[in-house]
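Take a look at the structure set out below.
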Amino acid sequence: VRYLADFSREIDEPGTLDRIQALGFTTLVVHEKPADPARRSYAQRVQRLAQESEGRLERIASGPQMTGYALRSAPAGP
């Protein structure tokens, strides 16, 4: 059994979004604390992933201390 903490460490590795979706998750919420370097780094990694994911991870909500992302299905291959 994998733990969600494993996914957070591996969030920007290939296949991680697929594994998260396979567990039934449809959203990802990142709780941000600017004073916490680890959380700031994680939030930046997720933001970069969203920009590079070709729509797989779409920002859908944000507030002063959190950002929500929708997990979208991978595009069908040729």
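From a predicted model like this one, the values you see are computed outputs, not experimental measurements.
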## Note on the structure
Sorted by chain and number, sequence neighbours left out, side chain to side chain contact (heavy atoms under 4.5 Å, CB included) with Q44 holds for R40
### Query
Are L49 and F25 grouped together when hydrophobic residues (ILVMFWY) are joined by side-chain heavy atoms under 4.5 angstrom apart?
yes
## Note on the structure
Output for pair (L28 CG, E58 CD), nearest 0.5 Å, gives 13.0 Å
### Query
Crowded around E52 CD? As in, over 12 foreign heavy atoms under 6.0 Å?
yes
### Query
Can you tell me if R45 uses its side chain to pair, donor with acceptor, with the backbone of R9 under 3.5 Å?
yes
### Message
Looking at every heavy atom in both I20 and L71, which two are closest together, and how far apart are they?
### Response
CG2-CD1, 3.7 Å
### Atom pair CD/OG1 of Q21 and T16 - distance to nearest 0.5 Å
11.5 Å
### Task
Kindly compute the distance separating CZ (R56) from CG (D18), expressed to the nearest 0.5 Å.
4.5 Å
#### Entry: Over all atoms of both residues, closest heavy-atom pair of A61 and M66
CB-CE, 4.2 Å
### Query
Any side-chain heavy atom of L17 within less than 4.5 Å of one from I11?
yes
### Message
Quick check for you: to the nearest 0.5 Å, what is the distance between Q51 atom CD and R59 atom CZ?
### Response
9.5 Å
### Message
To the nearest 0.5 Å, what is the distance between CD on Q47 and CG on L57?
### Response
11.0 Å
### Query
Given side chains that start at C-beta, do those of L23 and F7 come closer than 4.5 Å, heavy atoms only?
yes
### Summary
dist Y69:OH -> I60:CD1 (nearest 0.5 Å) comes out at 10.5 Å
### Message
Please determine whether side chain to side chain contact (heavy atoms under 4.5 Å, CB included) holds for the pair E32 and R39, giving the CA-CA distance in whole Å, both sets of side-chain angles, and the decisive distance to 0.1 Å.
### Response
CA-CA 6 Å; E32 303 168 23; R39 284 195 187 192; over 6 Å; no
### Message
Can you give me the closest heavy-atom contact between S8 and Y42, atom names plus distance?
### Response
O-CE1, 3.2 Å
